2 protein chains.
Amino acid sequence: MDARVALGAKFENWLALGFDDARCPVRNLLDQIGDRWSMLVLAALAGGAKRFSTLARALPDISKRMLTQTLRRLEADGLVHRDVQPTVPPSVTYSLTSLGESFAAPLLGLVEWAEANFAAVLEARARRAQAA
Amino acid sequence: MDARVALGAKFENWLALGFDDARCPVRNLLDQIGDRWSMLVLAALAGGAKRFSTLARALPDISKRMLTQTLRRLEADGLVHRDVQPTVPPSVTYSLTSLGESFAAPLLGLVEWAEANFAAVLEARARRAQAA
DNA sequence: GACATTGGTCTCAAATAGAGACCAATGATC
DNA sequence: GATCATTGGTCTCTATTTGAGACCAATGTC
């Protein structure tokens with residue numbers, strides 16, 4: 001019933017199976033998209049296709065280097081499509097594939113949790129700062 | 001309607017608001033728990049309280065250093081409770097707080113997506129490896 | 001003729017993660 | 001009764017990752 005119980009059961013199951021990177025989808029994908037930028041980039045593309053420089057402006061403090069790297073990895077994993085127009089200067093447009101679009105649902109769940117519980121987290125931090 | 005549309009709308013909204021770390025819940029929380037270990041630790045605790053060494057054994061390749069650091073941060077954010085029994089040797093038990101438990105639902109969504117779409121991701125990687 | 005724009009790459013420095021030694025006190029083992 | 005493992009960490013040193021910023025070539029704009 002409970003999501004907690006279901007999650008706990010899944011974890012025990014992974015444990016029993018050895019739970020290494022190659023076989024465990026969760027470990028594998030969390031290692032890839034569980035970084036600071038991937039989810040943000042996916043959220044940015046959720047609204048529609050965007051050019052490289054538009055993404056760079058939308059994500060204020062990602063460096064070009066990391067943006068390139070993140071997009072390349074998402075492309076390799078089949079979540080993002082890269083479309084190059086060989087004009088001069090070049091125009092490169094990124095968009096979600098259908099696989100990428102399917103990720104919007106769980107990501108939205110995460111986002112909604114964050115918005116709903118941000119205050120509680122801030123409060124916990126404040127309590128702890130005071131105790132120290 | 002669509003999760004993708006909803007997510008896109010949220011993103012545009014953050015953009016309009018400036019979207020910095022301090023004010024944006026998603027940026028803020030993604031910076032904290034969006035690392036390789038936090039979600040795994042939370043999943044491990046979903047099944048019930050566990051001791052430090054049990055967690056270390058359950059998460060095969062996290063170093064003690066990172067496990068300590070991750071647990072401390074989750075504790076600071078109010079997701080995890082740390083209970084120290086001053087025996088010798090000490091016994092320290094970690095468990096989810098109710099805030100931590102509430103995170104199980106979105107996390108489960110993520111896990112289910114990963115399980116459902118792992119094959120598609122592997123296929124995308126294989127296609128790309130072949131093209132190169 | 002100078003300057004900005006495009007989508008990157010390259011180099012170097014800074015921050016972060018990982019490996020493994022070490023700790024003190026106790027209980028089990030030999 | 002000496003040795004060994006266990007507890008929950010910390011500390012140091014090294015390896016990996018990240019970030020900042022210069023640079024690129026060709027074109028359009030002022």
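Numbered from 1 within each chain, the chains take letters A, B, ... in sequence-line order. What you are looking at is a predicted structure, and each value in this text was computed from that prediction instead of being measured. Computed from heavy atoms alone, side chains included, the values below leave out hydrogens, waters and symmetry copies.
What separates CD of Gln69(B) from P of dG9(D) is a distance of 13 Å, to the nearest Å. In this structure, Met66(B) atom CE and dG9(D) atom C1' are separated by 15 Å, rounded to whole Å. Distance Arg73(B) CZ to dT16(C) P: 10 Å, rounded to the nearest Å. Separating the CG atom of Asp35(B) from the P atom of dA15(C) is a distance of 19 Å, rounded to the nearest angstrom. Taking atom CD of Gln85(B) as the reference point, atom C1' of dT26(C) lies 17 Å away to the nearest angstrom. Counting to the nearest Å, the C1' atom of dG8(C) and the CD1 atom of Ile62(A) are 14 Å from each other. One atom, CG of Asp83(A), and another, P of dT6(C), lie 17 Å apart when rounded to the nearest Å. Arg65(A) has its CZ atom 11 Å from the P atom of dT9(C), to the nearest Å.
Set against dT26(C), dT7(D), dG7(C), the side chain of Val88(B) has dT26(C) as its closest nucleotide. Set against dG9(D), dT7(D), dG8(C), the side chain of Arg57(B) has dT7(D) as its closest nucleotide. In the set dG9(D), dT6(C), dA20(D), dT6(C) carries the atom at the smallest distance from any side-chain atom of Arg51(A). Looking at the side chain of Lys64(A), the nearest of the listed nucleotides dG8(D), dT6(C), dG8(C) is dG8(C).
Arg127(A) has no carboxylate O lying under 4.0 Å from a charged side-chain N of Glu75(B), or vice versa, which leaves the two without a salt bridge. A salt bridge does not link Asp61(B) with Arg36(B): every distance from a Lys NZ or Arg NE/NH1/NH2 to an Asp or Glu carboxylate oxygen is 4.0 Å or more.
Contact between the side-chain N/O atoms of Arg72(B) and the OP1/OP2 oxygens of dT10(D) is found at a separation under 4.0 Å. Taking side-chain N and O atoms only, Arg82(B) has a distance below 4.0 Å to OP1 or OP2 of dG9(D). Residue Arg36(A) places none of its side-chain N or O atoms closer than 4.0 Å to OP1 or OP2 of dT16(C). Note on Trp37(A): every side-chain N or O is 4.0 Å or more away from OP1 and OP2 of dT17(D). A sub-4.0 Å separation between OP1 or OP2 of dT6(C) and a side-chain N or O of Ser53(A) is present.
Both Thr54(B) and Pro89(A) lie near DNA chain D, and the one whose nearest nucleotide falls closer to the 5' end is Thr54(B).
Only one option out of Phe52(A), Trp37(A), Tyr94(A) pairs with Leu67(A) in a side chain to side chain contact (heavy atoms under 4.5 Å, CB included); it is Phe52(A). The side chain to side chain contact (heavy atoms under 4.5 Å, CB included) with Trp113(B) is formed by just one residue from the set Leu107(A), Leu29(A), Val26(A); it is Leu29(A).
Taking CD of Glu12(B) as the start and CG of Leu7(B) as the end, the distance is 10.5 Å to the nearest 0.5 Å.
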